[in-house]
Amino acid sequence: MTAATLTLKAIAERLAGGFIHRLTPLLGTPARVVCPSDEAEQAIVDAMTQVAAVQGLPVEVIDLRPAPAERLGAVTARLDGWGSGVAASGNGSLQALLILRGFDVFGDDTQDGPTYPFRSKSQFDRKFLWLFVGRDASRMRFLFDSYRRPLYRAAGDITPEDWQPNDHPDS
């Protein structure tokens, strides 16, 4: 392993340890992360999967890039929103971590359609812990930081400082 690979792995493990912990099944909140490379994205998926396994939380990784609208539509169809079986059963714990890779593909005005029903169903569903992964920081900000977007504040940004782009308006 190269030094760069070790650094990516260390950053991903630190991030995963902060995102998934012993209280995650009860208190987990959706998050998003912007990865600077394919290697960083894979390190995130690997670290999240490993830490989730230790906590007994199953993981499903869905790569949206090959067919974004169709794949997000399939995820949306699995959600029950307010009628979540977990919420209705009184068992407030999560059933799985969903890692949605390539979520930044939705970061423009042409992709509003698939995100509107997704937001309304995922916002209150407690079956899954959501991790939105993308490579393009500006597209991820477009999705989650604008009050005009359907996913406004739907997920906190957990992108590590080491991976923050230099083009962010706050820098």
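All values below were derived from every heavy atom in this structure, side-chain atoms included, with hydrogens, water molecules and symmetry-related copies excluded. Predicted, not measured: the structure shown is a model, and the values here were computed from it.
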- Item | Side chain proximity check, Phe132 to Leu143, heavy atoms < 4.5 angstrom | no

- Message: Is there a side-chain contact between Glu41 and Ile44 in this structure, where contact means two heavy atoms from C-beta onward sitting under 4.5 Å apart?
- Response: no

Once you round to the nearest 0.5 Å, how far does [atom1] of [X] lie from [atom2] of [Y]?
X      : Y      : atom1 : atom2 : answer
Asp136 : Cys35  : CG    : SG    : 12.0 Å
Arg149 : Phe142 : CZ    : CZ    : 3.5 Å
Ile99  : Phe128 : CD1   : CZ    : 13.0 Å
Ile11  : Trp163 : CD1   : CH2   : 6.0 Å
Arg101 : Leu131 : CZ    : CG    : 10.5 Å
Met48  : Leu129 : CE    : CG    : 8.5 Å

Please report the shortest heavy-atom distance between [X] and [Y], naming the atom on each side.
X      : Y      : answer
Ala12  : Ala43  : CB-O, 3.4 Å
Val33  : Pro160 : CG2-CD, 4.1 Å
Arg135 : Val34  : O-CG1, 3.7 Å
Phe19  : Thr29  : CE1-O, 3.4 Å

- Task: Verify whether the ring centers belonging to Phe118 and Trp130 lie closer than 6.0 Å.
- Result: yes

Hey, is the main chain of [Y] close enough, under 3.5 Å, to the side chain of [X] for a donor-acceptor pair?
X      : Y      : value
Arg71  : Asp63  : yes
Thr115 : Pro150 : no
Asp104 : Arg139 : no

- Taking atom types as modelled, find out whether Gln42 and Asp46 have a side-chain donor-acceptor pair closer than 3.5 angstrom. yes

- Task: Please report the C-alpha distance between Asp145 and Arg32 in whole Å, then the side-chain angles of each, then the deciding distance to 0.1 Å, and finally whether the side chain to side chain contact (heavy atoms under 4.5 Å, CB included) criterion is met.
- Result: CA-CA 11 Å; Asp145 290 349; Arg32 67 185 197 264; 2.7 Å; yes

- Message: Tell me whether the count of non-hydrogen atoms from other residues, nucleotides or ligands lying under 6.0 Å of CZ in Arg153 goes above 12.
- Response: no

